[in-house]
Amino acid sequence: MAWQVGKTMVQDTNMSHLRYEATLLADEVTQQIDMRFQALERLSEMIGATEDASWISYQLRQNDSLLAWFEGIVVANRDGEIIADWPAIVGRVGLETAELEYFRMLRGIRRPYVSEPFVGRASGIPMVLVGVPRFTEQGTFDGFVAGVLNLDSGGIFSRLAKVRLGEKGYAGVATASGKVLYHPDTSLINGVVPSETFNPLLNLALDGWEGDGVGQLLNGEAALQSYAQIWPAGWVVGLYLPVDQAQLPLADFIRQLWWTWVVLVLLMFPLLWWMLGRVLAPLRHLEKQIGEVGLGHRESVSLATNMQELQQVASTFNRVEDERQLLLGNLQEREAFLDSVLNAAPQGMFVANMKGDITYMNPALLEMLGISIEVPMKIWLTQIHTDDIAGAKDMWLHSLRTGSDFVRQLRFLRSDKELLWLDIHARVVTLSQDGHTLGLVGVVKDITERREQEAIQRWEAEHDPLTGLLNRRGFERRLEEAFADFQKTSTPSALLLFDLDHFKPINDEGGHALGDEMLRRIAQVVAWEVRRSDHVARQGGDEFGVLLPSCTLAQARRIAESLRQSVSEISVTHEGKEYMVTLSIGVTTFDDIDTSVVDVLARADAGSYKAKEHGRDGVVVNMPNDDVMELFDQSK
């Protein structure tokens, strides 16, 4: 507390001192500038409106006392040419200043002006020019009279060099344009002040602000800063005192106060320890009795003390313990009842906490999964099918976060390698009084047989029972899927449609059994000749179709010719007579003009009929916008 309060007081006191000192220095430098302006104006009046260099040099020598304030005096005519100086320096008379900043400012503002700092051509020393304009009798500009101030040794800043602000505090002066005029580090003179982001307070002061605050120095230290304006010269004077330096007296005081406090504590500690022990003795006795109640060594606590608060605590504890024992008995009865229900349940059941860990599985579930109760959860979780575990985990975490039901079907591989399909439904259990969530209770069903039956039904719905190939329904579904891919990604696909040439005599003469045998053999050969990714279908009777996904027209031609050749070698025999068939194949591919699979089927079907018209046993390519179908192979 002493440090916080003292730090604020010390900072306020030092800031007031800096503010006063900055104002005092600014007033003093302002007075120095005004006195130099006045002296130069009197000298300008003595010289008068003349360009007689001899007369002007004489007047300069007569005012030799001005050299106490300036390192040199110069006089320029209306064209900016130096026509006289004192003391005389070779090369200065005749110097042209018309293009220099201070000449243009004096001619423009027509009042006393202090120039921006510059480096002397002969001396190489940073300096400024304090000048006043000269006027003719008609009031026109007639040149200037100016004094040169050396920034290294000029007396105008001698007062600033004597400022003492502890060991590290200092004063500095800069122009409103951001050039350093005075700094204890002489290497910074005539340099540029730090950027706006580095020291915002200094940037405000360059814009004309007067005030104080805390900012950063070039070495990175925090410092108290105060700024005042030297208006006649357009300068800013700043005083800087590092915060550490300002708080040094307070730190010494706090250090002494700390040691005093430490000694006091060391002296009082034994007494306080003894007093605390006396006060806490009944409390320790109460703690011991509560521990004995927890271990079952006693039923209640009893204290012999006059402290009414501890007596109330003991009484409250005894009442709560009685209620706890009653609730514990009821809870044990309910747990025994629940265990009996779960153990007798024929369905698999489990209980999980809100962390997601399964804490109980009934015997029916353990038997269903083929695991023992000793197997850790992280072990049997690995037996969930790899394709199902990620989705099940995401749904499980979602149910824990939102309190929604967990409903999922997944595959589980028992230790005996039997694959089960499980249907799991878990629900969050919530107390009705305060809405507190206890965990989840789930039911697990073995639906393996049902899933297998559904898979068989799905296969039968889309496959031909005679050949095992896709039927029309299954073929059209895969055709729709391929067409959708083509519309989305322009994936090329080809379609082959054909029926059997000369098949009718086989049925008529050999009967349907012989015809079925021929169909089965053809189905085997066609399925063998196409790629694994292709889809072969018997659409009815002797009509067949082949869908070639991701297949170009050239590839489709080769596959069609291979099918035609292979099927032409198949034969069946009845009563000594051999029967053979050929294929009339129509080939096409998906095209951008197709609006549906109906267009593709119609085009392939037309190609098949064209092959029959050309004598059967051939392949015809039928593409959209083709005037003539291409019959590229035919065997008579």
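This is a predicted model, so every value here is computed, not measured.
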J.: Side chains of V526 and F544: closer than 4.5 Å at any heavy-atom pair?
T.: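 Result no, sub-4.5 Å side-chain heavy-atom pair not found.
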J.: Check whether any side-chain N or O of N353 sits under 3.5 Å from a backbone N or O of D357 as a donor-acceptor pair, and report yes or no.
T.: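 Yes, because the side chain of N353 sits within donor-acceptor range (under 3.5 Å) of the backbone of D357.
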J.: Taking C-beta and beyond as the side chain, do K445 and H425 meet within less than 4.5 Å on heavy atoms?
T.: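 The answer is no; the side chains never approach within 4.5 Å.
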J.: Is it true that a side-chain atom of R298 and a backbone atom of S300 form a donor plus acceptor pair closer than 3.5 Å?
T.: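 Such a contact is found between R298 side chain and S300 backbone.
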J.: Could you walk me through whether S584 and D501 satisfy the side chain to side chain donor-acceptor pair (under 3.5 Å) test, starting with their C-alpha distance in whole Å, then the side-chain angles of each, then the deciding distance to 0.1 Å, before giving a yes or no?
T.: CA-CA 7 Å; S584 297; D501 304 326; 2.9 Å; yes
J.: Using a strict 4.0 Å threshold on nitrogen-to-oxygen distance, state whether D499 and K612 make a salt bridge.
T.: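 A salt bridge links D499 with K612.
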J.: Locate the shortest heavy-atom distance separating L514 from T573; write the atom from each residue and the value.
T.: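 Shortest heavy-atom contact: CD1-O, 4.1 Å.
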J.: What's the separation between atom CG in L583 and atom CG in L497, rounded to the nearest 0.5 Å?
T.: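 Reported value, rounded in 0.5 Å steps: 12.0 Å.
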J.: Give me the one residue out of R538, R473, R477 that meets salt bridge (Lys or Arg N to Asp or Glu O under 4.0 Å) with E462.
T.: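 Exactly one option meets the salt bridge (Lys or Arg N to Asp or Glu O under 4.0 Å) with E462, and it is R477.
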J.: Hey, does the side chain of S399 reach the backbone of G403 with a donor-acceptor pair shorter than 3.5 angstrom?
T.: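 No, the answer is negative, given that no donor and acceptor are paired below the 3.5 Å cut-off.
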J.: Within a reach of under 6.0 Å around CD1 of I373, are more than 12 heavy atoms found that belong to other residues, nucleotides or ligands?
T.: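 No.
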J.: May I ask you to decide if the ring planes of Y240 and Y227 are parallel, tilted or perpendicular, using 30° and 60° as cut-offs?
T.: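 The rings of Y240 and Y227 stand perpendicular, inter-plane angle above 60°.
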J.: Does the side chain of V214 reach to within under 4.5 Å of the side chain of Q11, using non-hydrogen atoms?
T.: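 Yes, side chains in contact.
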J.: What distance separates D485 CG from T491 OG1, expressed to the nearest 0.5 Å?
T.: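 Output value for this atom pair is 6.0 Å.
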J.: So F406 and L400, do their side chains get closer than 4.5 Å, heavy atoms only?
T.: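 A side-chain contact is absent here, since even the closest heavy-atom pair is not under 4.5 Å.
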J.: Please report the interatomic distance CD(Q524) to CD1(I570), rounded to the nearest 0.5 Å.
T.: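 Going from the CD atom of Q524 to the CD1 atom of I570 covers 8.5 Å.
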J.: Please say whether more than 12 non-hydrogen atoms of neighbouring residues, nucleotides or ligands are located less than 6.0 Å from CZ in R427.
T.: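 Check fails, neighbour count at 12 or below.
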J.: After noting the C-alpha distance and the side-chain angles of S596 and E480, does the key distance pass the side chain to side chain contact (heavy atoms under 4.5 Å, CB included) rule?
T.: CA-CA 8 Å; S596 68; E480 291 284 357; 5.9 Å; no
J.: Going through the checks in order, is the side chain to side chain donor-acceptor pair (under 3.5 Å) test met by S566 and E529?
T.: CA-CA 8 Å; S566 298; E529 291 293 330; 3.1 Å; yes
J.: Could you walk me through whether L440 and V429 satisfy the side chain to side chain contact (heavy atoms under 4.5 Å, CB included) test, starting with their C-alpha distance in whole Å, then the side-chain angles of each, then the deciding distance to 0.1 Å, before giving a yes or no?
T.: CA-CA 6 Å; L440 293 91; V429 178; over 6 Å; no
J.: Are any side-chain N or O atoms of S608 and backbone N or O atoms of I585, one a donor and one an acceptor, separated by less than 3.5 Å?
T.: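 Checking the backbone N and O of I585 against the side chain of S608, no donor-acceptor pair under 3.5 Å is found.
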J.: Report yes or no: does D594 contribute a side-chain atom to a donor-acceptor pair with the main-chain N or O of F590 at less than 3.5 Å?
T.: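 It does not hold such a pair.
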J.: Would you say R411 and L420 make side-chain contact, with heavy atoms under 4.5 Å?
T.: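 Answer no - side chains too far apart.
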J.: Checking N318 against S315 for the side chain to side chain donor-acceptor pair (under 3.5 Å) test, could you report, in this order, the C-alpha distance in whole Å, the side-chain angles of both residues, the deciding distance, and whether it holds?
T.: CA-CA 5 Å; N318 289 333; S315 176; over 6 Å; no
J.: Can you see which heavy atom on E221 is nearest to which on P242, and at what distance?
T.: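 Looking at all heavy atoms of both residues, the closest pair is OE1-CB, 4.0 Å.
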J.: State whether the side chain of T359 and the backbone N or O of V351 hold a donor-acceptor pair below 3.5 Å, judged by distance alone.
T.: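 The answer is yes, because a donor-acceptor pair under 3.5 Å joins these two groups.
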J.: How far apart are the closest heavy atoms of V587 and A556, and which atoms are they?
T.: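 Minimum heavy-atom separation between V587 and A556: CG1-CB, 4.0 Å.
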J.: Angle class for the W396/F350 ring planes (parallel below 30°, perpendicular above 60°, tilted otherwise)?
T.: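 Answer is tilted, since the angle falls between 30° and 60°.
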J.: Determine, stepwise, if the pair H463 / L469 fulfils side chain to side chain contact (heavy atoms under 4.5 Å, CB included).
T.: CA-CA 6 Å; H463 287 77; L469 301 179; over 6 Å; no
J.: Using 0.5 Å steps for rounding, measure from the NZ atom of K504 to the CG atom of D542.
T.: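 These two atoms lie 11.5 Å from each other.
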J.: From R450 CZ over to D423 CG, what is the distance, rounded to the nearest 0.5 angstrom?
T.: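 Reported value, rounded in 0.5 Å steps: 6.0 Å.
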J.: Taking the side chain as C-beta and beyond, is there a heavy-atom pair between I559 and L548 under 4.5 Å?
T.: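 The answer is yes; the side chains approach within 4.5 Å.
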J.: Within the structure provided, determine whether W421 and E449 are in side-chain contact (heavy-atom separation under 4.5 Å).
T.: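 Side chain of W421 against side chain of E449, heavy atoms only: no contact under 4.5 Å found.
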J.: For R414 and E367, work out which heavy atoms get closest and say how close.
T.: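 So the minimum-distance heavy-atom pair works out to NH1-O, 3.1 Å.
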J.: For atom CD of E509, is the number of surrounding heavy atoms from other residues, nucleotides or ligands below 6.0 Å larger than 12?
T.: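 Yes, because the 6.0 Å sphere around CD of E509 holds more than 12 heavy atoms from other groups.
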J.: In terms of side-chain geometry, is the basic nitrogen of R603 or D591 positioned less than 4.0 Å from the acidic oxygen of its partner?
T.: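 Answer for the salt bridge query: no.
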J.: Looking at M580 and S568, what are the two nearest heavy atoms and their distance?
T.: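 Closest pair (atom of M580, atom of S568, distance): CE-O, 2.8 Å.
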J.: Other residues, nucleotides and ligands only: do more than 12 of their heavy atoms fall within 6.0 Å of NE2 on H512?
T.: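 Open: at most 12 neighbouring heavy atoms sit under 6.0 Å from NE2 of H512.
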J.: Are the side chain of Q225 and the backbone N or O of G213 linked by a donor-acceptor pair below 3.5 Å?
T.: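 Absent.
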J.: Between the side chains of E561 and R564, is the shortest nitrogen-to-carboxylate-oxygen separation below 4.0 Å, so that they form an ion pair?
T.: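 Answer for the salt bridge query: yes.
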J.: So, S562 side chain and R558 main chain: donor-acceptor pair closer than 3.5 Å or not?
T.: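 Absent.
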J.: Is it the case that over 12 heavy atoms from other parts of the model lie below 6.0 angstrom from the OH atom of Y360?
T.: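 Yes, because the 6.0 Å sphere around OH of Y360 holds more than 12 heavy atoms from other groups.
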J.: Apply side chain to side chain contact (heavy atoms under 4.5 Å, CB included) to the pair D405 and V428, showing each step before the final yes or no.
T.: CA-CA 7 Å; D405 287 5; V428 175; 5.9 Å; no
J.: Before giving the answer on salt bridge (Lys or Arg N to Asp or Glu O under 4.0 Å), spell out for E517 and R520 the whole-Å C-alpha distance, their side-chain angles and the decisive distance to 0.1 Å.
T.: CA-CA 5 Å; E517 178 62 23; R520 280 193 292 269; 3.1 Å; yes
J.: Within the structure provided, determine whether F486 and D592 are in side-chain contact (heavy-atom separation under 4.5 Å).
T.: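 A side-chain contact under 4.5 Å exists here.
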J.: Taking D322 first and then R319, would you say they form a salt bridge - that is, a charged N and a carboxylate O separated by under 4.0 Å?
T.: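 The answer is no: the pair does not qualify as a salt bridge.
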J.: Looking at every non-hydrogen atom in both residues, tell me the closest pair between F412 and L422 and how far apart they are.
T.: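 Looks like CB-CD1, 3.7 Å.
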J.: With rounding to the nearest 0.5 angstrom, report the CZ to CD distance, F198 to Q216.
T.: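 It is 4.0 Å, given to the nearest 0.5 Å.
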